[in-house]
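Each remark here refers to the structure printed beneath this line.
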Protein chains: 2
Amino acid sequence: MTDSQDAPTSHRYEEIAAELRGAIERGDFPEGSRLPSENDIIRDYDVARNTARDALAVLRHEGLAIARQGSGTVVSTRKRIKRNSQGRYSRTPSKVNSPFERDAATAGQRGDWECETVKAKASPEVARRLSLDTGDPVTQTTYRFFGDGRPIQVSQSWEPLAITGGTLIERPEDGSAIGVIARMDTIGQAVDHVVEKVTARAASREEVKRLDLPTRGAYVLVIERTHFVGDAPVETCDIVFPGDRYELTYDIPVELKA
Amino acid sequence: MTDSQDAPTSHRYEEIAAELRGAIERGDFPEGSRLPSENDIIRDYDVARNTARDALAVLRHEGLAIARQGSGTVVSTRKRIKRNSQGRYSRTPSKVNSPFERDAATAGQRGDWECETVKAKASPEVARRLSLDTGDPVTQTTYRFFGDGRPIQVSQSWEPLAITGGTLIERPEDGSAIGVIARMDTIGQAVDHVVEKVTARAASREEVKRLDLPTRGAYVLVIERTHFVGDAPVETCDIVFPGDRYELTYDIPVELKA
DNA sequence: TAGTGGTCTAGACCACAAT
DNA sequence: TTGTGGTCTAGACCACTAC
């Protein structure tokens with residue numbers, strides 16, 4: 001639960017962080033507003049530079065604040081974007097928008113995205129996930145998603161050219177079908193289940209850049225997703241989210257009788 | 001993917017971290033072995049204390065190392081415990097072990113757990129999730145799970161006493177049925193779906209203590225789970241995992257025809 | 001140009017673990 | 001008692017942003 005008992009600590013930086021956290025929660029610092037600078041904290045609390053930094057680092061790590069070099073530390077948006085598995089994987093997707101755009105709209109944001117497809121050779125990891133041999137030809141599509149213009153999700157998708165090569169859907173952006181399931185249907189590949197593996201880990205330098213994350217201490221949620229036709233994988237994808245900005249929902253049916 | 005391109009940085013602490021990371025990946029420091037101490041790094045690389053600390057902090061945050069006050073910084077176990085939704089929510093669970101014990105066994109660990117049940121009044125958050133009023137009576141059960149003796153998962157579960165009160169399954173540890181679905185079946189409550197909401201966030205001080213996490217920069221995976229009978233929630237639960245130690249798998253069926 | 005956060009130095013004392 | 005990581009001080013220079 002989020003019952004944040006303010007257990008008193010004997011550490012100065014924790015005390016300062018707790019005061020600032022309280023001020024944020026009371027609304028003294030609305031979302032997007034600037035928090036006291038390190039120099040302000042040094043003066044107001046009579047501490048050294050590192051202690052002021054440590055206090056702000058606590059808030060940054062909690063996802064409450066974002067530091068930007070040269071600009072200051074501001075209170076971040078705490079609303080999480082909800083990504084729901086239900087209705088996401090359907091044979092008859094919406095013709096007018098993507099699941100991501102709907103998720104963004106639910107969070108009150110405008111969703112945009114861009115993608116780029118290239119032909120590549122399967123890395124050992126991609127080959128394993130697609131039951132191919134290393135070096136087999138695949139299409140690799142890189143997506144970047146924006147919420148209100150800020151990068152908020154990146155993903156990379158791989159499909160075996162042995163399946164899609166020469167068809168109308170060789171490139172995801174071609175053809176009229178939206179979504180892996182509908183696209184695969186048009187070439188007779190009937191996807192019957194999707195597996196998503198969720199992990200959390202520290203953001204890589206590359207992800208820090210692409211997702212505009214704080215340079216230190218950022219973590220991401222990663223979904224490793226694979227579409228299957230029976231036991232045969234037909235697409236696999238890595239989806240990366242800022243860890244403090246997303247909520248992933250799964251609705252799991254329970255069979256009615258034993 | 002995990003293709004960690006060692007992009008050169010001009011920062012001393014990143015260089016040191018990269019060297020240590022490389023040494024770990026080469027196997028120079030096997031899992032559980034001690035990394036160079038801060039004093040070692042100060043001497044070997046001729047840097048100040050904070051720079052040595054920053055280098056180790058990078059590895060800690062990546063989940064590669066764990067610092068223990070008074071003891072040293074050791075290479076952590078990289079293997080994630082896999083928690084699979086499939087087969088987890090079933091009417092006919094195993095009689096001999098719990099899903100958690102099987103997950104631990106799959107990771108080559110011995111799983112133990114303990115729990116404690118008390119009667120409580122629903123907090124606003126619990127009331128919302130169970131469609132109750134704040135203050136309504138509930139049973140609250142606190143679980144703690146251990147892998148090879150070390151705490152590895154904590155959870156808290158709430159059930160409305162209006163449903164379970166006076167029955168044989170009022171307390172989860174009573175009766176012979178294992179698991180929420182089988183228990184609810186014995187009192188005629190047929191669970192038909194389970195919703196899991198997955199988030200990542202910074203670990204609270206309480207969780208740092210209960211999960212034996214590093215004191216700074218730890219993050220956790222949280223599942224907010226609710227069992228439903230139709231639209232009626234009959235149990236809700238918060239499950240907290242160390243963020244770098246778990247992998248959550250969801251198998252999502254796709255309906256066969258439009 | 002002034003102010004911000006990012007990196008770094010060179011010390012200090014403390015709590016804790018191993019011995 | 002010794003060595004470890006955790007906290008803290010009091011400075012410094014740098015890269016970057018806003019003005």
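First the proteins, then the strands, lettered A, B, ... as listed; each starts at 1.
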Practice task
Give a yes/no on whether any side-chain N or O of Thr73(B) is located under 4.0 angstrom from OP1 or OP2 of dT4(D).
Solution key: no
Handout entry: Any Tyr13(B) side-chain nitrogen or oxygen under 4.0 Å from OP1 or OP2 of dC8(C)
Key = no
Handout entry: Heavy-atom donor-acceptor pair, Arg245(B) side chain to Lys79(B) backbone, under 3.5 Å
Key = yes
Practice task
Look at the side chain of Val47(A) and decide which nucleotide, out of dT9(C), dG5(D), dT9(D), has an atom nearest to it.
Solution key: dT9(D)
Exercise for the section: Choose from dG6(D), dA10(D), dC8(C) the nucleotide whose nearest atom is closest to any side-chain atom of Ala48(A). Expected result: dA10(D)
Handout entry: Ile42(B) CD1 to dT9(C) C1', straight-line distance once rounded to whole Å
Key = 11 Å
Completion exercise
Of Asn50(B) and Asp40(B), the one whose closest nucleotide on DNA chain D sits nearer the 5' end is Asp40(B)
Practice task
Check the distance between dG6(D)'s C1' and Ile66(B)'s CD1 and give it to me in whole angstrom.
Solution key: 17 Å
Handout entry: Which atom of Ala107(B) lies closest to which atom of Ile81(B), heavy atoms considered
Key = CB-CG1, 3.9 Å
Practice task
Do nucleotides 14-19 of chain C as a string where each nucleotide becomes B, S or -: B if the base has a protein heavy atom under 4.0 Å, S if just the sugar-phosphate does, - if no protein is that close.
Solution key: -BBS--
Handout entry: Summary of ring pair (Phe, Tyr, Trp, His ring centres under 6.0 Å) pairs that have at least one residue in residues 37-74 of chain B, sequence neighbours excluded
Key = His61(B)-Tyr219(B)
Handout entry: d(OH, Tyr45(A); P, dC8(D)) in whole Å
Key = 14 Å
Could you pull out all donor-acceptor pairs under 3.5 Å where a side-chain atom in residues 66-74 of chain A meets a protein atom, sequence neighbours excluded?
none

Handout entry: For atom CZ of Arg53(B) and atom P of dG6(C), their distance in whole Å
Key = 17 Å
Problem - Proximity to the side chain of Arg34(B) - top-ranked nucleotide from dC8(D), dT4(D), dG5(C) - result: dT4(D)
Problem - Whole-Å distance separating the CG atom of Asp54(B) from the P atom of dG5(C) - result: 17 Å
Problem - Candidate list Ile24(B), Asp40(B), Asp28(B), Ile41(B), test side chain to side chain contact (heavy atoms under 4.5 Å, CB included), partner Leu35(B), passing option - result: Ile24(B)
Problem - Heavy-atom donor-acceptor pair, Thr141(B) side chain to Ser157(B) backbone, under 3.5 Å - result: no
Practice task
Taking the side chain as every heavy atom from C-beta outward, state whether Arg83(A) and Arg88(A) have any pair of such atoms under 4.5 Å apart.
Solution key: yes
Practice task
Answer yes or no: side-chain N or O of Arg49(B) and base N or O of dG6(D) forming a donor-acceptor pair under 3.5 Å.
Solution key: yes
Exercise for the section: Using whole Å, report how far CZ of Arg12(B) lies from C1' of dC14(D). Expected result: 17 Å
Practice task
To the nearest Å, give me how far apart CG (Leu56(A)) and P (dT7(D)) are.
Solution key: 16 Å
Handout entry: side-chain N/O Asn39(A) vs dT4(C) OP1/OP2, d < 4.0 Å
Key = yes
Completion exercise
note: Glu38(A), atom CD; dA10(D), atom P; distance rounded to Å ~ 16 Å
